[in-house]
Protein chains: 2
Amino acid sequence: MVLPRAAKTQRRTRIQEEKEEQILEAALEVFATHGFRGSTIDQIAEVAGMSKPNLLYYFRTKEAMHRALIDRVLDSWLDPLREFDAEGNPVAEIRSYIRRKLEMARDFPRESRLFANEVLQSAPHILDELRGPLKTLVDEKVEVIRAWAKAGKIAKCDPYHLIFAIWSTTQHYADFDAQVRAVLGEEHSGEGRFEDAARFLEQLFINGLAVHGPASS
Amino acid sequence: MVLPRAAKTQRRTRIQEEKEEQILEAALEVFATHGFRGSTIDQIAEVAGMSKPNLLYYFRTKEAMHRALIDRVLDSWLDPLREFDAEGNPVAEIRSYIRRKLEMARDFPRESRLFANEVLQSAPHILDELRGPLKTLVDEKVEVIRAWAKAGKIAKCDPYHLIFAIWSTTQHYADFDAQVRAVLGEEHSGEGRFEDAARFLEQLFINGLAVHGPASS
DNA sequence: TGATAATTTGACCGGTTGGTAAAACATTAC
DNA sequence: GTAATGTTTTACCAACCGGTCAAATTATCA
């Protein structure tokens, strides 16, 4: 036999697991930095520390690498939203959703940029995932938020745009890191900026969604 | 003579103006969609409706095209922030800044994506502009916001992160349009989504920045 | 009109890119 | 040990890419 990926549902070798892991790690690095079209197999091979044909032994095409990477990363990327709990306290839920998203931007910026590159270029490879699993999950959480607003626990608002706002503000620190650093200057670009961002965003969203009843006091 | 760009400060031909315009329009389309590395001169030539060597007659390299495009677009891109007026009413100023940014995302999404692509890939071609003119302008407006907060006209907050939040939430609708459409579904993806977004964002930022003094009312 | 300069094109070049073929090498199973 | 299988490498290819060149074409203007 010569093609491991053709193996008929056979269990994979230890070497296969290790190498595929190595390759996907390198692919994440490169795809996140240059986008799909801007990345070359040679680049990925160099980062992975192996030859190009060796890479192509494990993934038959550049697209296969990209696909495998997306499949692996997408699920964990949606986890923070999944944890969004209908039973919890609305304010606390929103606050901790922002926290989790911001932590992901800090700890997994490459994953964020991988998707950002895709979506920015019209999502040619992940449109189905966006229209399917992502939309389904969002629709579900939108209903939760809508119920909270109806019950007067948070201000009435368009839940879709609330979710977009949380996504964009938090992922901004991963996707547009270069701009954030340039504007803040090197002196404020330490890890402390994530704490500052968290404080600001919590203030913004918590106050922004607080119920301002007709009778203040 | 053979190279128009070498013309010693001579006034440009009508044809030169027209063709350079045509080329930059096409370059915007292509660069915004595929990023610098992902774009090819042939692509731009095809969109511009002329041959590749003809393009290279007006811009000697792909980088020169990109640079010319950035120079032309950057200035107008910063206009909304420039209009931010220290003398105005804080709430009204912030509200109309959000409006203007959202209108730009709606009316000039390609310009937004051009920069997004650059910044996402570590801003290799515009880092100087970010660290120079952009930072200077932001620093200036940060002082305005800080003064407003000190005067008790808006809530105390980190002005840098406020600006980041406005940038990210508004540009989201241009840069991640594919995702927004996928999540909203085709039925809510009409132009009306910008009105919904404007309503939500104004509510979020105005309430989020309202002063909640110890004595309300 | 004709001379001159500006513009456009087709043919081409060297380097890169995604991907292949086949043989060399390593590992595992018996 | 050895045969079968799994892995890696060297050499290679055709297509594409950024860019050049010289010739052909068109616009300008005396």
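Residue numbering restarts at 1 for every chain, and letters A, B, ... go by the order of the sequence lines.
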Whole Å only: how far is the [atom1] atom of [X] from the [atom2] atom of [N]?
X	N	atom1	atom2	value
A:Asn54	C:dA22	CG	P	19 Å
A:Lys62	C:dG19	NZ	P	8 Å
B:Glu17	C:dA6	CD	C1'	15 Å
A:His66	C:dG19	NE2	P	13 Å
A:Leu55	D:dT9	CG	P	11 Å
A:Leu56	D:dT9	CG	C1'	13 Å
B:Lys19	C:dA6	NZ	C1'	12 Å
A:Phe59	C:dT20	CZ	C1'	19 Å

Under 3.5 Å, which N/O atoms of the protein pair with N/O atoms of nucleotides 11-15 of chain C?
none

Exercise. For A:Asp158, which residues count as a side-chain hydrogen bond (donor to acceptor under 3.5 Å, both in side chains) partner, sequence neighbours excluded?
Worked result: none
For this session: Just jot down the side-chain hydrogen bond (donor to acceptor under 3.5 Å, both in side chains) partners of A:Gln121, sequence neighbours excluded, or say none.
Result: B:Asn117
Using ring-ring contact (aromatic ring centres under 6.0 Å, His included) as the criterion, list what pairs up with [X], not counting sequence neighbours.
X	result
A:Tyr97	A:Phe84
B:His188	none
A:Phe205	none
A:Tyr160	none

For this session: Let me know which of B:Asp107, B:Asp175, B:Asp177 forms a side-chain contact (heavy atoms from CB on, under 4.5 Å) with B:Ser112.
Result: B:Asp175
Exercise. OP1 or OP2 of C:dT8 sitting under 4.0 Å from any side-chain N/O of B:Ser51?
Worked result: no
Problem set entry | Close residues, residues 28-46 of chain B, relative to DNA chain D [heavy-atom separation under 4.0 Å] | B:Ser39, B:Thr40, B:Ile41
For this session: Side chain of B:Tyr57 only, please: which of C:dG19, C:dA6, D:dG19 is the nearest?
Result: C:dA6
Seminar exercise, completed: Those residues at least two apart in sequence (or on a different chain) that pass side chain to side chain contact (heavy atoms under 4.5 Å, CB included) with B:Glu25 are B:Arg110
For this session: Tell me whether the guanidinium CZ or amine NZ of A:Lys141 lies under 6.0 angstrom from the six-membered ring centre of A:Trp167 and within 45° of its axis.
Result: no
